[in-house]
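Below is one structure; the comments refer to it alone.
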Amino acid sequence: MDKLIVLVVGVAAIGFIVWWFFGHHEASAAEAQVSEQAQSIDIVVNGGYSPEHVVLKKGTPAVLNFTRKDASGCLDHVVFPDFGINQELPRGEKVAVEINTEQAGEFSWACGMDMFHGKIVIQ
Amino acid sequence: MSTTKRFIIALVFSLPMLVQMILMPWGFMLPGAQYTQFVLTTVVMVVAASPFLRSAWASFKKHHSNMDTLVAIGTITAYCYSIYAMFTNQAVFFESAALVVTFVLLGQVFEERMRKSASSAVEKLINLQAKDAEVIRDGQSMVIPLSEVVVNDIIRVKPGQKIAVDGVITEGTSTIDESMVTGESMPVVKKAGDQVIGATMNSNGTFLFRAEKVGNETMLSQIVDLVKKAQTSHAPIQNLTDKVSDIFVPIVLIIAILTFMVWFAILGASMAVSLIFAVSVLVIACPCALGLATPTALMVGTGRSAKLGILIKNGEVLEAVNDVKTIVFDKTGTITVGKPVVTDIVGDQEATLKIAAALEQSSEHPLAEAILNRAEEDDVKQTFAVTDFAAVEGKGVTAKLDNGQAFVGNAKLLADYDIEADLNAAMVKLQNEAKTVVLVGFNNQIVGLIAIQDAPKETSAAAIQALKDQGLKTIMLTGDNVRVAEAVAKTVGIDQVIADVLPSEKANYVQSFQQAGKVAFVGDGINDAPALTVADVGIAMGSGTDIAIDSGGIILVKNDLRDVSTALELSKKTFNRIKLNLFWAFVYNVLGIPVAAGVFYAAGLTLSPELAGLAMAFSSLSVVISSLLLSKTHLKSRTQPVIAAE
């Protein structure tokens, strides 16, 4: 009987994991607040990035404000390979990362260990 | 709370349990048995492990998972089961939960420190800058911070001071140590009109220079920018780990559940034994090492090469270098100096040079410049009064000196003057070496010959030999004629020469070589830019045009061709280190998981959760250490590296 319960619960748990992690889930996206000379957006770092997708306007200087709430060592740096940025994010501090928006396109960013990802779309 | 503090707390509270574990065979038990263990572990879980749990939960809500997910689920499972077991009087394994947390934190503490030292190259470079500069404005001398220096400021540099920005010397001479920026170990003598580089060290003289590039424009700033980009760049080999990291953790969770199900339901093991296997799987599988393998090696490798004056732009270049079979060179400015110099003087050295210098002193022809430079080098002062200066159409020039008529010109002058047999033989020999021969005559007699050539750099032959030793095929592409090209190729030992190439054709040739394997192209001019881009690895000389530098994947700041082989060697070493790191990281996970799951139980090979935790900590640590060792590896093509900022 015990064994049967374990098998049923185990299979159910596996099903849940597959659905939860591999199923299609909307990533949170946001557009930056744009004024005449600048655009900025706040990104909370907690078990990943929220929002994960950021849309920026081409040609206007942009600032992404990262605030890390997560204690994980995994998220203590944010890396933008296309821009040569490798910025430390001290926990609980708002850190501004300036992005050059002269070129349109999709640019990804990642945590220092390349486990969590985010994306900027400049258009 | 910092990772270090969390580690210390976890260590202090799990130490008694570790002691008990070791002394158990001799019958040692902690007073209070499992109740003491329960209290100790609870402290570890609440204080040291809760950040793992919070992080795991936060990412779980976003449908993500990370290494903390595995640590959190593993330790929570062991902890909760042990509480249940404690109340039902079964065997507990609190110590597993506590020790796993301790070991994982131990790994993180070390890894944090190592990662800092791996990324310190850029900071060291920035710290090279001078803090202030003595500027002379309106005749007033004042010391101002570096940020306030503007273009065209005249700056005074005293012995032992750092040069603030890039510029040109206007007054004075000095010896300057440029090793920190260019990697060139020999100090260079500079005089008025010479370029100086910001952040280099003035040694013995005082001089004034005019600022030409300040702020982000300076060479150092450009280098820092390039190194930063290289260090954060992706190597294509990482694509694999990128893909793996998204699905790895959920798959490990599934494997852990399966492990439990198989042991408990099919093999009929007890609940405790089955759980231990499952927890071990979770703990050993942590993919940190996999994630660290490439970035840390990339950081150390590009940082070290920057110190040697070799800028590698990104991980893609690094990876491409590995398969390069052919290396193609531009001639002018790359293999050769890039401007004509006097190579031979036949006849009375001093007299010949003196007459030639007298006649050429007002000419701006490149050949004249070569002669005048040589006269200056040899300290030959021309003292004649020159009158009746006249050009002989298509042949050369003639003028009246103090005591007679002198002439300088090309071989067509032979129609007008006689030449001695041995001089004639020397001329033919020089011409066969593809040198331009200038005849120097006095009073209707040819007195000497000056041979001029865009000569190979002193280091070119050694550089080509080093590349051949690495098993590479060397090819030279040039717009020059076959004779000149072959003469240069022969002196430096190039395998194959393709001459009379139009600038627009260089890229096509590179493409045709690419059919036989990956090609590196070394060049410096605007006309080299397409070839630098097309080649798998574009190597630009630092003295080259900006456009060439932009097109290149590797930049040789020092302008020394020998750095090509150093660059290739260092790139290969870095890439091999990445592969080695990835291999070990995979081995840990791929071999570790079946062992932890108890697949080899029958053979007596198992892994307890604590050992799994220790192995896990060790795996990320070993990867980071292996990357750091890259800065110490021996380079064959290198004598003594000059380390910046020490």
Side-chain angles (χ1 to χ4, degrees), chain A residues 1-28 44-52 68-88 90-91 108-117, chain B residues 1 3 6 50-52 54-69 108 111-112 115 119 122 225-234 238 241-242 245-251 253-254 257-258 260-261 264-266 268 271 274 287-288 290-292 294-295 299 314-315:
Chain A
M1 189 58 201
D2 282 357
K3 292 180 179 176
L4 200 63
I5 294 172
V6 163
L7 281 179
V8 171
V9 172
V11 170
I14 291 172
F16 172 75
I17 289 170
V18 170
W19 169 76
W20 186 259
F21 290 108
F22 300 146
H24 182 73
H25 302 283
E26 277 298 310
S28 56
V44 176
V45 185
N46 195 9
Y49 302 97
S50 4
E52 270 176 22
R68 176 162 76 101
K69 296 198 171 144
D70 198 314
S72 167
C74 193
L75 287 157
D76 62 3
H77 278 71
V78 61
V79 181
F80 291 80
D82 302 297
F83 299 97
I85 296 168
N86 185 2
Q87 178 65 51
E88 194 178 344
R91 194 164 161 220
S108 62
W109 79 77
C111 73
M113 289 179 190
D114 214 13
M115 297 279 300
F116 292 98
H117 301 97
Chain B
M1 195 185 303
T3 315
R6 281 164 61 198
S50 61
F52 290 136
R54 278 203 298 271
S55 176
W57 179 240
S59 56
F60 177 79
K61 284 191 293 189
K62 289 201 174 70
H63 303 278
H64 287 314
S65 53
N66 62 358
M67 57 173 195
D68 292 350
T69 312
Q108 289 191 357
E111 179 199 304
E112 229 168 64
R115 269 201 292 167
S119 63
V122 169
D225 207 43
L226 270 173
V227 174
K228 268 191 189 167
K229 281 200 177 142
Q231 291 195 328
T232 59
S233 71
H234 258 68
Q238 254 174 304
T241 54
D242 284 5
S245 69
D246 282 343
I247 57 164
F248 191 80
V249 172
I251 285 179
L253 290 177
I254 292 171
I257 293 172
L258 287 174
F260 180 74
M261 280 161 63
F264 186 77
I266 297 172
M271 174 79 109
S274 311
C288 312
L290 221 47
L292 288 168
T294 318
M299 253 181 206
N314 54 47

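Numbered from 1 within each chain, the chains take letters A, B, ... in sequence-line order. None of these values were measured; they are calculated from a predicted model.
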Any donor-acceptor pair under 3.5 Å from A:K3 side chain to B:M261 backbone: no
Flag, side chain of A:W20 to backbone of B:P250, donor-acceptor distance under 3.5 Å: no
Is [X] close to chain B through its backbone or its side chain, or both, or neither, when contacts mean heavy atoms under 4.5 Å?
X	answer
A:V79	side chain
A:I17	side chain
A:F16	side chain
A:F22	side chain
A:I85	backbone
A:F116	side chain
A:V11	both
A:D82	backbone

Full working for side chain to side chain contact (heavy atoms under 4.5 Å, CB included) between B:F264 and A:L7: CA-CA 9 Å; B:F264 186 77; A:L7 281 179; over 6 Å; no
Indicate yes or no: at least one non-hydrogen side-chain atom of [X] is less than 4.5 angstrom from one of [Y].
X	Y	answer
A:E52	B:H64	yes
A:V18	B:I254	yes
A:F21	B:L253	yes
B:R54	A:N46	no

Contact winner vs chain B - A:A110, A:G10, A:G23, A:A13, heavy-atom pairs under 4.5 Å: A:G10
For chain B, the option from A:V9, A:I14, A:I5 that forms the most heavy-atom pairs under 4.5 Å: A:I14
From CZ (B:F52) to CG (A:D70), nearest 0.5 Å: 11.0 Å
